Amino acid sequence: MMSDKRIEIVELSQEDLDAVAEIEKETFSLPWSRQSFADAIEDSFGLFLVARTLEEKQVLGYIGMYCTAEEAEITNVAVKSEARGQGIGGCLVDAMIREAQTRGIPRIVLEVRVSNTPAIATYENRGFINLGVRKNFYQLPREDAYIMVREEK
């Protein structure tokens, strides 16, 4: 669960772009650029949230999702390396599920590396199920992805 860090989850803003791009770079072998995040927050189908400390406004993690009326796709979720294991990723996923529910979107899909056990557990604990595998979905290193989905009943 969360440590003593008190966080807030808010929409990604221009002021957060440098921190988000840095977390992206430390987390992924083929990271999105700062400009990709800037473009995403201008996209009317995109929703990106950040988790940050209440006091210092330090960005600890982020999540992105593209939405249509029927389905949302989570594109990226990342937590700063020193803040992992504190439940921040789960809080971000919970916030995105609430956003989808608020918007009346019944289905959320995502891909996750088959080796990313902590993320898979986070998704399964929130009602996502594994629909199958996308072969060689990831590069550097090449790896399969599970396709996971959560549907409102």
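No experiment lies behind these values; they were computed from the predicted model shown.
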| field | Validation row: Arg52, Leu60 side chains within 4.5 angstrom (heavy atoms) | value | no

| message | Between Lys57 and Glu8, is the salt bridge (charged side-chain N to carboxylate O under 4.0 Å, His left out) condition met? List the steps. | response | CA-CA 9 Å; Lys57 304 295 183 201; Glu8 62 181 352; 2.9 Å; yes

| task | Please test Ile63 against Glu99 for side chain to side chain contact (heavy atoms under 4.5 Å, CB included), starting from the C-alpha separation and ending with a verdict. | result | CA-CA 12 Å; Ile63 189 169; Glu99 283 292 332; over 6 Å; no

| field | Steps toward side chain to side chain contact (heavy atoms under 4.5 Å, CB included) verdict (Val133, Lys135) | value | CA-CA 6 Å; Val133 175; Lys135 291 298 216 182; 4.1 Å; yes

Give the minimum heavy-atom separation between [X] and [Y], together with the two atoms involved.
| X | Y | result |
| --- | --- | --- |
| Pro106 | Ala69 | CD-O, 3.8 Å |
| Ala100 | Ile108 | CB-CD1, 3.8 Å |
| Thr122 | Gly90 | CG2-CA, 3.8 Å |

Distance-only donor-acceptor check, side chains [X] and [Y], under 3.5 Å:
| X | Y | value |
| --- | --- | --- |
| Glu56 | Thr53 | yes |
| Glu15 | Ser13 | yes |
| Arg98 | Gln101 | no |
| Ser115 | Glu143 | yes |

| message | Can you list, by chain and residue number, the hydrophobic cluster partners of Val20 when the side-chain cut-off is 4.5 Å? | response | Val10, Leu12, Leu17, Ile23, Phe28, Trp32, Phe37, Ile41, Phe45, Phe48, Val50, Val59, Tyr62, Tyr66

| With ILVMFWY side chains joined below 4.5 Å, transitively, what does Leu140's cluster contain besides itself? | Leu30

| message | By the definition salt bridge (Lys or Arg N to Asp or Glu O under 4.0 Å), identify the one residue from Asp18, Asp39, Asp16 that meets it with Arg34. | response | Asp18

Are [Y] and [X] connected in a single hydrophobic cluster, I mean Ile/Leu/Val/Met/Phe/Trp/Tyr linked by side-chain heavy atoms less than 4.5 Å apart?
| X | Y | result |
| --- | --- | --- |
| Val79 | Ile120 | yes |
| Val77 | Ile9 | yes |
| Leu131 | Val109 | yes |

| note | Applying salt bridge (charged side-chain N to carboxylate O under 4.0 Å, His left out) to Glu124 and not counting sequence neighbours gives none

| Pairs flagged by side chain to side chain donor-acceptor pair (under 3.5 Å) wherever residues 41-51 is involved - sequence neighbours left out | none

| For residues 68-77, which residue pairs qualify under side chain to side chain donor-acceptor pair (under 3.5 Å), counting only residues two or more places apart or in two chains? | Glu71-Arg107

| Run the side chain to side chain contact (heavy atoms under 4.5 Å, CB included) check on Ile7 and Leu54 step by step: do they pass? | CA-CA 5 Å; Ile7 65 165; Leu54 281 174; 5.9 Å; no

| query | What residues form a side chain to side chain contact (heavy atoms under 4.5 Å, CB included) with Ala119, not counting sequence neighbours? | reply | Val112, Asn116, Tyr123

| request: Evaluate the criterion side chain to side chain contact (heavy atoms under 4.5 Å, CB included) for residue pair Arg103 and Leu47; output intermediate values, then yes/no. | output: CA-CA 11 Å; Arg103 296 166 185 234; Leu47 175 63; 3.7 Å; yes

